[in-house]
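Quick note on labels: first sequence line is chain A, next is B, and so on, each numbered from 1.
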Amino acid sequence: MASPLDMADERRLERLSAMLRRRGVVLPAFDIYGGVSGLIDYGPVGAAIRRRLTQKWVDHWLSHGDIVEIDSPTITPESVLIASGHVGEFNDLMTECKGCGSVFRADHLVEHLHPNADSLDSDSIDNLLGSEVKCPSCSESVWTPAQPMNLMFSTRIGAMSTGRTAYMRPETAQGMFMLYPALYRHFRQKLPFGAIQTGKGYRNEISPRQGMIRLREFNMAELEYFIDPEYPPAADLNRRTEIVTLVPDPDGPYAGDSRMGFGAALDAGIVRHPTVAWFLARTWDFLVEVGINPAKIRFRQHASTEMAHYAADCWDCEIHGEHGWIECVGIANRTCHDLESHEAHSSAKGLRAWRQFAEPRSQTLDRLAPNGAVIGPTFKAESDAVVSALEALTDLPDSLPFELTLADGKTVTIVEGMVERRTETTNVSGEWFTPHVIEPAFGIDRIIWHVLDHAYEEAEKEGEDYTFLRLVEGISSVDCVVLPLFDKDGMPELAREITGAINALPGARAEMDSSKSIGRRYARADEIGVPWALTVDHTSLEDGSVTIRRRDDQVQVRAFVEEILIRLSNETMQEFF
RNA sequence: GCGUCCGUGGUGUAGGGGUAGCACAAGAGGUUUCCAACCUCUUAGCCCGGGUUCAAAUCCCGGCGGACGCACCA
């Protein structure tokens, strides 16, 4: 399917990558030792862009008011990742065809021979493989022994043999779950609330490809938003005007692309959860704010078959670029999976929230109250078990005596006098439940790649090739360059002074460039996306004014440095034009 | 992980058993009254390791890295 989006110049990717290397944006890591596939460096320009984009992401969510930032270790004990399901999920058994060398997931090859192939151990799988499974590529049926292929980097905590097994975290999310009790206290025991974390994640990919898209160590930014599933928070999405592309579940009733607003998608039932719909919209806001082309964003719903082990519903936000449509954000309704699992596996008992009823509910309960004075002497060592069994009874017997089944399966006879039938009325003011979690997970490197891709524009200027990086203000590595028109007559001194004054503003960044002709310096700044250029000329020496050049149309206006400093501290200079 | 192709200054390329060229970029100086100008000079390269050979950037083997395809991508 050839859309206009797919018809890009095939060499553009190479030229863009070359520019990113040449100008110190993104480079291969450990290059002087031959490089390591799947690991990259952000150079001086790229690291500044990454920091600013990440900061915008943090600010974006913190502005909600019920979301806080946390920070957790990247080294994670194995027990945490067993509970989360990652250890099991990451240990797919792989086998290799001895005929042609193709590698397959062993459980997929024997699916038709066993109803529960993914639960088999390696010996059972080897037996099944040995019988009659043919290689899908070459039809041989000789297989290497199945081996677990763990996509997590493992390590040990503690140097000696007694150390605990640990992994480099494959996602930041577990950190938020570990801190759930602290977050619940922080927010005064009231849902909804959320926690964000940015940082590195690690996956030992078999075959990293596509530059910054599939990395072995990558920058993630995740939000875990804890909600009461019975009262899911929602914003009014019908005020929003943007029309977006949705690609609903291909196996569901809405299969096929559609264009609509977020509110309409929720109303139509395409997006199934109001909080998920709200986060789809907020994800859109962020991406557009940092310079992603809105026409190259779409939201794709996972088919139930590709859903992650923990998710009940999942949308990918995909961005189109030189590598096609790439998943850059995953928005998943993880339900109560993580908190329940950690409560079951760990010593924690309080991974819950309290739901206060609007009115205390009066509960009438029929029970057989045990009479310890009779039960004790009668059942002696088994008394406790008898009392527990009586308390657990839901269907009370119509009459005594009756046979009571204990937890261990034994049966005892309860006779008159051992129990007293009572009807008790209690007031229940609320209940404990496990919150559900909505998780937007952002791949920062992938987003940065697409920001660069969408900003990169190859133009022509007076017959020569000319490139712009049309980064939005606040994302570029510096806000402006300061250029002395000539490298003499006091211009460099004044330029240095202005650069210093801008850098003294909180958050503002300027660089000075005085080498080579003025046109070349503008071109250098345009190429890495600096939005503003301040030029110090002879007039500047007389009255302290400079020219401001706007990257996107090369229009220049003259202004005084004091005004510029005021505008820059308000994060834009657009008002000058 | 398998297969095909590939790896030369910062970038893009030429060469292909005997002194590694070019363009752009970069640095110094000159010139220049706002958009990759010009002049002079300079810096800087054969991915790594082994083999063959009098001699290897070149041929062979292995590794690393890249592109594409297959597989994988929770």
Side-chain angles (χ1 to χ4, degrees), chain A residues 10-11 13-15 17-24 27-39 43 81 84-92 94-105 108-109 118 135-138 144 147 149-152 170-171 203-211 213-216 218 302 306-311 314 323 326-327 330 332 443 460-467 483-489 491 515-527 533-541 546-549 551 553-556 558:
Chain A
E10 57 184 39
R11 302 281 305 218
L13 173 59
E14 290 173 38
R15 292 190 298 268
S17 308
M19 187 278 282
L20 297 178
R21 279 198 301 277
R22 182 162 35 82
R23 298 304 310 273
L27 309 89
F30 309 109
D31 199 32
I32 65 170
Y33 284 97
V36 179
S37 132
L39 301 179
L81 295 162
S84 71
H86 287 93
V87 170
E89 288 290 321
F90 273 64
N91 272 312
D92 295 330
M94 305 294 291
T95 184
E96 185 178 334
C97 169
K98 286 184 178 168
C100 66
S102 303
V103 175
F104 298 95
R105 270 181 66 162
H108 288 179
L109 290 173
D118 60 355
C135 172
S137 326
C138 71
T144 62
Q147 292 198 315
M149 183 193 62
N150 198 314
L151 258 42
M152 292 191 290
E171 59 174 21
R203 296 176 192 183
N204 201 354
E205 297 282 354
I206 300 166
S207 171
R209 288 277 171 90
Q210 299 175 304
I213 302 299
R214 266 173 70 194
L215 297 171
R216 289 187 163 126
F218 46 93
H302 278 207
E306 70 171 314
M307 213 87 83
H309 63 274
Y310 47 72
C314 187
H323 298 294
I326 297 291
E327 173 197 351
E460 205 174 86
K461 202 166 165 185
E462 287 158 29
E464 283 197 74
D465 291 339
Y466 198 94
T467 66
L483 312 175
L485 186 57
F486 301 108
D487 200 11
K488 61 181 182 188
D489 302 337
M491 291 180 199
S515 65
K516 300 260 162 85
S517 75
I518 189 71
R520 176 166 297 199
R521 283 177 276 160
Y522 288 140
R524 277 199 285 245
D526 290 339
E527 190 179 38
L534 308 183
T535 304
V536 174
D537 57 15
H538 287 106
T539 312
S540 312
L541 299 175
V546 297
T547 63
I548 309 170
R549 171 187 180 273
R551 174 197 67 208
D553 55 8
Q554 293 109 70
V555 170
Q556 280 180 301
R558 183 167 281 279

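The base of C35(B) is not paired with the side chain of Q554(A) by any donor and acceptor separated by under 3.5 Å. Judged by distance alone, with hydrogens and angles left aside, R209(A) brings no side-chain donor or acceptor close enough to the base of G66(B) to form a pair under 3.5 Å. The base of C64(B) is not paired with the side chain of Y33(A) by any donor and acceptor separated by under 3.5 Å. Donor-acceptor pairing under 3.5 Å, judged by distance alone, is absent between the side chain of R521(A) and the base of C34(B).
Looking at the side chain of E462(A), the nearest of the listed nucleotides G66(B), U11(B), C35(B) is C35(B). Distance from the side chain of R203(A) is smallest to A74(B) among C34(B), A74(B), G12(B). Checking C72(B), A74(B), C34(B) against every side-chain atom of I206(A), the shortest atom distance belongs to C72(B). If you check C72(B), A74(B), G65(B) against the side chain of V36(A), the one that comes closest is G65(B). The side chain of E464(A) lies closest to A36(B), out of G65(B), A74(B), A36(B).
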Go through R558(A) and S540(A) one step at a time and tell me if the side-chain contact (heavy atoms from CB on, under 4.5 Å) criterion holds. CA-CA 10 Å; R558(A) 183 167 281 279; S540(A) 312; 4.2 Å; yes
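Counting only heavy atoms from C-beta outward, the side chains of H323(A) and L13(A) approach each other to under 4.5 Å. Side-chain atoms of D489(A) and H538(A), non-hydrogen and from C-beta on, do get closer than 4.5 Å to each other. Here the side chains of T467(A) and R15(A) are not in contact, with every heavy-atom distance at 4.5 Å or above.
Atom OH of Y522(A) and atom C1' of A37(B) are 16 Å apart (whole Å). Put simply, CZ on F486(A) is 17 Å from P on C38(B), counting in whole angstrom units. Atom CD in E14(A) sits roughly 15 Å away from atom P in C6(B) (whole-Å rounding). If you measure from atom NE2 of H323(A) to atom P of G69(B), you get 12 Å, rounded to the nearest angstrom. Atom CG of L20(A) and atom C1' of A25(B) are 16 Å apart (whole Å). One atom, CE of M491(A), and another, P of U32(B), lie 13 Å apart when rounded to the nearest Å. Between M152(A) atom CE and C73(B) atom P the separation is 15 Å, expressed in whole Å. K516(A) has its NZ atom 11 Å from the P atom of C24(B), to the nearest Å.
Nucleotides G45(B) and U19(B) have their C1' atoms positioned 16 Å apart, rounded to a whole Å. Rounded to whole Å, the P atom of G63(B) lies 28 Å from the corresponding atom of C54(B). The separation of A23(B) from G9(B), taken at their C1' atoms, amounts to 12 Å, rounded to a whole angstrom. When the P atom is used for both U52(B) and U11(B), the distance is 34 Å, rounded to whole Å. For the P atom pair drawn from C34(B) and C41(B), the interatomic distance equals 28 Å after rounding to whole Å. For the C1' atom pair drawn from G29(B) and C46(B), the interatomic distance equals 32 Å after rounding to whole Å. If you take atom C1' in G16(B) and the same atom in G1(B), they sit 33 Å apart, rounded to whole Å. A distance of about 8 Å separates the C1' atoms of G17(B) and C59(B), rounded to the whole Å.
Within 4.0 Å of S207(A), counting heavy atoms only, lies at least one base atom of the nucleic acid. In this structure, T547(A) reaches the bases: a heavy-atom distance under 4.0 Å links it to at least one base atom across the strands shown. Within 4.0 Å (heavy atoms only), R549(A) reaches at least one base atom of the nucleic acid.
Where V555(A) and A18(A) meet RNA chain B, the nucleotide closest to each residue was compared, and A18(A) sits on the side nearer the 5' end. If D487(A) and M19(A) are placed on RNA chain B by their nearest nucleotide, the residue sitting closer to the 5' end is M19(A).
In the displayed structure, D553(A) atom CG is contacted under 6.0 Å by more than 12 heavy atoms of other residues, nucleotides or ligands.
The salt bridge (Lys or Arg N to Asp or Glu O under 4.0 Å) check on R216(A) picks up nothing, with sequence neighbours excluded.
With the 3.5 Å cutoff on both pairing distances, Watson-Crick and G-U pairs in RNA chain B assemble into runs of at least 3 at B:1-7 with B:64-70, B:10-13 with B:21-24, B:26-30 with B:38-42, B:47-51 with B:59-63.
For R520(A), a side-chain nitrogen or oxygen approaches OP1 or OP2 of A25(B) to under 4.0 Å. For the OP1/OP2 pair of C34(B) and a distance below 4.0 Å, the side-chain nitrogens and oxygens of S517(A) include no atom meeting the criterion.
Note that CG of D487(A) and NZ of K516(A) are 12.5 Å apart. Values are rounded to the nearest 0.5 Å. Here CG of D537(A) is found 6.0 Å from OG1 of T547(A). Values are rounded to the nearest 0.5 Å. Here CG of L27(A) is found 11.0 Å from OG of S17(A). Values are rounded to the nearest 0.5 Å.
In plain terms, the two heavy atoms of Y522(A) and A533(A) that are nearest each other are CE2-CB, 3.7 Å.
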